[in-house]
Number of protein chains: 2
Amino acid sequence: MHGDESCLVRKISHYTALSDTEKHLLNELERESRTVRRHETLVDEGETNRLFVLDSGWVYTFIHTPDGRRQILDLHFPGDVVGTNQIAFAESTCGIAAATDAVICPFPKSGLRSVFSNSPKLTALFYTFAMIDHAAVLDRLRATGRMPAASRVLLVLLQCRARLRIMDPAYSDEFELPLHQEVIGDLVGLSNISVSNALKQLKEEGLIARQGRWISFPNEERATQLIDFADHYYEIDTSWFPGL
Amino acid sequence: MHGDESCLVRKISHYTALSDTEKHLLNELERESRTVRRHETLVDEGETNRLFVLDSGWVYTFIHTPDGRRQILDLHFPGDVVGTNQIAFAESTCGIAAATDAVICPFPKSGLRSVFSNSPKLTALFYTFAMIDHAAVLDRLRATGRMPAASRVLLVLLQCRARLRIMDPAYSDEFELPLHQEVIGDLVGLSNISVSNALKQLKEEGLIARQGRWISFPNEERATQLIDFADHYYEIDTSWFPGL
DNA sequence: GGCGCGCATTAAAGTGCTTTAATTCGCACT
DNA sequence: AGTGCGAATTAAAGCACTTTAATGCGCGCC
């Protein structure tokens, strides 16, 4: 675990208050930790499923096409539980790699069972997180299928900031984007060259500003309107679930 | 409800045995039913969220881009619970429309709460279904981002059959595809013209056969290998969840 | 300080899809 | 059988993205 409090507890506290028992259940998932290096593959495609809490750094899940190209499926940030969306399948169909140096806390499937057995509230929240991830994928599917290159890249940038804000509202102004352009392309079906051109175009149109790896949105309203971006991530409706 | 037994019960029975109490809980969700016509929009984008069990027919969820094009997000088959993936968000971000004439059984959010409160097993299964839907979207994201038109269309066809088989294993040989080519295109980011060309190409290569709306796969192994298709839908791992 | 490496940028040619438009097919209805 | 409409097919022009390749930039390292 990293810092005073578990990353998972901090993320979940953004949505709801937690009892000490619940905090204890979650802390159990972050007992062991391991450092991984940028570009390292944590899980290969087809390997058996593995679960971990992401403590720091960014990781992504990916899958290759028969001709060797790559599509990134999910991007994960500190506080995310990685691997839950593969839990229904015996063997993982996608690989996991680190976009930056990262600290992960692996835990066995049984750890999840103890959470689900003991806390309907946490079960509801895990369910909700799965749907938030799902919403992010749907946004990228829409962009990948039906939007031009610049809009697709803009979506990735707005999405990253929206999800970083869950853990740290200080990201409101600008944020550091550690992703290579090839990775951005693999998120929304573009080549690295198109990503470069798109970033240039977005800068020229005043929709983004770049200083090294730091990105900001000088005209945020115009940016969100251009792609109809809605921030699903910050507020959720928990009224429908039992025990909350 | 349609037929002797609820669609939902039949679908879930494919995965696990149900007690009478559980069957009763599920049947409650299908008390009321409504007929909808092909092409009818059931829910508009931005409307408040609504849930229903799909009893017969096919429906899809969609979202428009700012320039008026359309992306289909999910395709739903008899036995599916439609709307659960939007439940975490106060207002629905996508619309729902009928691909064929259909019968739907609307129920309130509270219906889901009574299922979740009373049956950990059904909760687990709903969770699993959400992940199966998610896997289908991920497959289409990969295809949309990184595969040529013919492969994308082939994926749609194989995916439809795989999901129909959940309800009815008789679909193993051939199946009726009621989707317009425009709808197929909206599933994987293609124009209707490209879909037409892709179907022609697939037929010429012997990967599919068509008789009216009926589709079959004369060389199934070659078809699945071409796009690395894995049928996630038929078998799932339920070992990780409590109460099963 | 200069070298070398990884990544980003720029340019030019090639390609696969879209758009537009005309034709054909399938099928319900008279 | 004949008519009319929606959808699929076919063809041709246009365009956005990819591929390939060369150049430029930032940064760690000896």
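Below, read A as the first sequence line, B as the second, and so on, with proteins coming before strands; counting in each chain starts at 1.
- Of the candidate nucleotides D/dC17, D/dA11, D/dT18, D/dA11 has the atom nearest to the side chain of B/I193.
- OP1 or OP2 of C/dC17 has not a single side-chain nitrogen or oxygen of B/S194 nearer than 4.0 Å.
- The separation between B/R213 atom CZ and D/dA8 atom P is 9 Å, rounded to whole Å.
- The distance from atom CG of A/N192 to atom P of D/dT23 is 18 Å, rounded to the nearest whole Å.
- Rounded to an integer number of Å, the gap from CD of A/Q181 to P of D/dG26 is 14 Å.
- Side-chain proximity of B/S196 to D/dT10, D/dA7, C/dT9: nearest is D/dT10.
- Under 4.0 angstrom from either OP1 or OP2 of D/dC17 there lies no side-chain N or O belonging to A/S191.
- The CD1-P distance, from A/I215 to C/dA8, rounds to 11 Å in whole Å.
- When rounded to the nearest whole Å, the span between CG of A/D186 and C1' of C/dC7 equals 15 Å.
- Between B/N197 and A/M147, the one whose closest nucleotide on DNA chain D sits nearer the 5' end is B/N197.
- The local environment of CD in A/E182 is sparse, with at most 12 non-hydrogen atoms from other residues, nucleotides or ligands closer than 6.0 Å.
- A/D101 and A/R38 are not joined by a salt bridge, as no carboxylate oxygen comes within less than 4.0 angstrom of a charged side-chain nitrogen.
- A donor-acceptor pair under 3.5 Å is formed between the side chain of B/N219 and the backbone N or O of B/R222.
- For A/R146, taking side-chain heavy atoms from C-beta onward, the closest of the listed nucleotides D/dC17, C/dT18, C/dT10 is C/dT18.
- Residue B/G189 is in sugar-phosphate contact alone, with no base atom involved, counting any heavy-atom pair closer than 4.0 Å across all strands shown.
- The pair A/R161-A/E220 meets the salt-bridge criterion, since a charged nitrogen lies less than 4.0 angstrom from a carboxylate oxygen.
- Contact between the side-chain N/O atoms of B/R210 and the OP1/OP2 oxygens of D/dT9 is found at a separation under 4.0 Å.
- At whole-Å resolution of the value, CG in B/D67 and C1' in C/dT19 are 13 Å apart.
- Atom pair B/R152:CZ and C/dC17:P shows a separation of 6 Å (rounding to whole Å applied).
- Separating the CZ atom of A/R69 from the C1' atom of C/dT15 is a distance of 12 Å, rounded to the nearest angstrom.
- Candidate nucleotides C/dC17, D/dA7, C/dT20 were compared by shortest atom distance to the side chain of B/H180, and D/dA7 ranks first.
- The phosphate of C/dT10 has OP1 or OP2 within less than 4.0 Å of a side-chain N or O from A/K200.
- Electrostatic pairing of A/K11 and A/D80 counts as a salt bridge here, judged by a charged N lying under 4.0 Å from a carboxylate O.
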